[in-house]
Amino acid sequence: MTKTIGLTGGIGSGKTTIANHFMAAGIPVYIADDQARKIMQSLEIIADIKKIFGGELFENNILNREKLAAIVFNNPEKLEQLNAIIHPAVKKHFGNWILEHKNAPFIIYEAAILFESDSYKNCDSIITVTAPLESRIQRVVKRDNTTRENVLKRMNTQWDDARRISKSDYVIENINSEIAKSEIKKIIKILRIQ
Ligand code: ATP
C-alpha cells in the first residue's frame with residue numbers, strides 16, 4: 001500500500017513551495033485545498049451548497065467563495081454543514097487518486113489544516129514546515145496583497161507551530177530554500193526505504 005505522508009504548516013510557512021519541491025523530485029503530491037476548490041465547482045456539490053446556503057452565493061452558477069468564507073468564519077454550525085458536504089467528496093476523490101499512484105513509494109498529502117481537520121489520522125508520517133512568524137506574515141501580506149491584521153486573523157484559527165511540531169515526524173525549516181531542499185532530499189531518502 002502506498003504510504004501517505006501528510007505535509008502541513010501554518011499560513012505562509014511555505015508548504016505549497018515545499019510540496020512543489022517534492023513534486024519536482026518525482027513524488028506524487030495531492031494539494032487538498034486545490035482539489036477541494038475544484039470539487040466545489042462540481043454540479044453535485046453546488047446543488048448541496050445551495051440547499052444549505054441558498055442561491056445568493058452564486059453568480060451564473062459560480063460560487064462566490066469569499067461570501068461563503070465570510071459566512072462560515074463566524075458560524076461554526078454552518079462550517080460543520082459545509083465540511084459535511086466537502087470532506088466526504090474530497091476523501092472519495094483522494095481515494096481514487098491514490099490508487100492511480102499505487103506504485104509510488106509514498107505520496108505527499110498537503111493540507112493547511114491537516115491537524116485541525118483530523119486528516120492527520122490517515123497519514124503514515126507527518127512533515128511540518130516552519131518559518132519565523134514575522135517572515136510568514138510578510139510573505140502572505142506580499143503574496144495576497146492583504147493586511148497584517150488579516151493574516152493574524154487567519155493564523156489565529158490555526159494551531160501554533162509548537163503544537164504541530166509535537167505531532168510531527170519531520171520538521172522542515174523553510175527560511176533558506178537551498179537548506180530546505182537538502183532537508184527534503186534527506187527525508188525522501190528515509191521515506192523510500194521505510
Ligand atoms: P498558505 O497556507 O497561505 O497556503 P503556504 O504555507 O502554502 O501558504 P506558500 O504559498 O508556499 O505558503 O508560500 C508563501 C509565500 O512565501 C509565497 O509567495 C512563496 O513564494 C514565498 N516563499 C516560500 N518559501 C520562501 C522562502 N524560503 N523564502 C522567501 N519566500 C518564500
Side-chain angles (χ1 to χ4, degrees), residues 4-41 63-74 79 82-83 86-87 90 93-94 97 106-120 122-123 125-188:
T4 298
I5 311 300
L7 177 70
T8 192
I11 178 171
S13 58
K15 11 174 218 310
T16 306
T17 308
I18 298 293
N20 287 336
H21 293 323
F22 274 100
M23 216 185 295
I27 306 298
V29 172
Y30 190 89
I31 309 269
D33 287 353
D34 285 356
Q35 297 300 344
R37 212 166 289 150
K38 282 187 203 151
I39 287 165
M40 279 166 93
Q41 286 160 10
L63 176 65
N64 185 327
R65 288 173 51 86
E66 271 139 39
K67 271 193 199 166
L68 179 64
I71 293 174
V72 298
F73 193 80
N74 293 312
L79 177 63
L82 178 65
N83 285 339
I86 310 293
H87 285 170
V90 175
H93 183 267
F94 176 68
W97 180 89
F106 64 91
I107 64 91
I108 295 282
Y109 181 92
E110 190 251 85
I113 53 163
L114 190 79
F115 290 116
E116 295 86 336
S117 67
D118 268 356
S119 321
Y120 77 98
N122 302 319
C123 297
S125 299
I126 294 162
I127 304 170
T128 281
V129 181
T130 64
L133 201 71
E134 199 48 46
S135 310
R136 290 169 50 200
I137 296 169
Q138 294 305 327
R139 287 174 189 173
V140 180
V141 164
K142 193 169 158 205
R143 185 196 60 191
D144 297 351
N145 193 19
T146 186
T147 61
R148 185 184 180 86
E149 288 65 38
N150 264 333
V151 181
L152 289 171
K153 232 191 253 172
R154 281 152 73 185
M155 268 178 183
N156 283 338
T157 67
Q158 302 181 340
W159 284 23
D160 63 23
D161 267 355
R163 197 165 170 205
R164 270 189 290 264
I165 290 169
S166 72
K167 282 189 170 287
S168 299
D169 302 281
Y170 306 93
V171 177
I172 298 176
E173 191 176 58
N174 176 33
I175 302 172
N176 174 306
S177 36
E178 289 313 310
I179 296 175
K181 276 189 215 168
S182 81
E183 284 304 303
I184 292 170
K185 269 193 199 150
K186 281 188 216 161
I187 293 172
I188 291 177

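Both ligands and their constituent atoms are indexed starting at 1 by order of listing. Keep in mind that this is a model prediction, so the values were computed, not measured.
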Check your understanding: Any idea which atoms of ligand 1 are less than 4.0 Å away from a heavy-atom of Ile175?
Key -> 26 (C), 27 (N), 28 (N)
Review point. Does ligand 1 have any atom sitting under 4.0 Å from a heavy atom of Val140?
Key: no
**Study point:** Pairwise side-chain contact, Lys38 with His93, heavy-atom cut-off 4.5 Å (strictly under)
**Key:** no
Review point. How far is atom 30 (N) of ligand 1 from its nearest protein heavy atom, and which residue and atom is that?
Key: Arg139 NE, 3.6 Å
Check your understanding: Mind checking whether Ala112 has an N or O less than 3.5 Å away from an N or O of ligand 1?
Key -> no
Check your understanding: Do Arg154 and Asp144 meet the salt-bridge criterion of a basic N to acidic O distance under 4.0 Å?
Key -> yes
Review point. Hey, is Gly10 one of the residues with a heavy atom under 4.0 angstrom from ligand 1?
Key: yes
Point to revise | Any Gly9 heavy atom less than 4.0 Å to ligand 1 | key: no
Check your understanding: Met23 versus Asn20: any side-chain heavy-atom pair under 4.5 Å?
Key -> yes
**Study point:** Closest protein heavy atom to atom 24 (N) of ligand 1, given as residue, atom name and distance to 0.1 Å
**Key:** Asn174 ND2, 3.0 Å
Practice item. Give the single entry among Ile18, Thr17, Ile113 that approaches atom 20 (O) of ligand 1 most closely by any heavy atom. Key: Thr17
**Study point:** Residue and atom name of the nearest protein heavy atom (relative to atom 6 (O) of ligand 1), distance in Å to one decimal
**Key:** Lys15 NZ, 2.7 Å
Practice item. Hey, can you tell me if Phe94 and Tyr30 have their rings parallel, tilted or perpendicular (30° and 60° cut-offs)? Key: perpendicular
Review point. In terms of residue, atom name and distance, what is the protein heavy atom nearest to atom 7 (O) of ligand 1?
Key: Thr16 OG1, 2.7 Å
Study note, to complete from the structure: The side-chain contact (heavy atoms from CB on, under 4.5 Å) partner of Glu110 among Asp34, Ile18, Thr16 is Thr16
Review point. Looking only at heavy atoms, what is the nearest atom pair of Pro28 and Phe106, with distance?
Key: CD-O, 3.7 Å
**Study point:** Side chains of Phe115 and Ile126 in contact at under 4.5 Å (non-hydrogen atoms)
**Key:** yes
Check your understanding: Tell me, which protein residue and heavy-atom name are nearest atom 10 (O) of ligand 1, and how many Å apart are they?
Key -> Arg143 NH1, 2.7 Å
Review point. With a 4.5 Å limit on heavy-atom distance, are the side chains of Glu116 and Arg164 in contact?
Key: yes
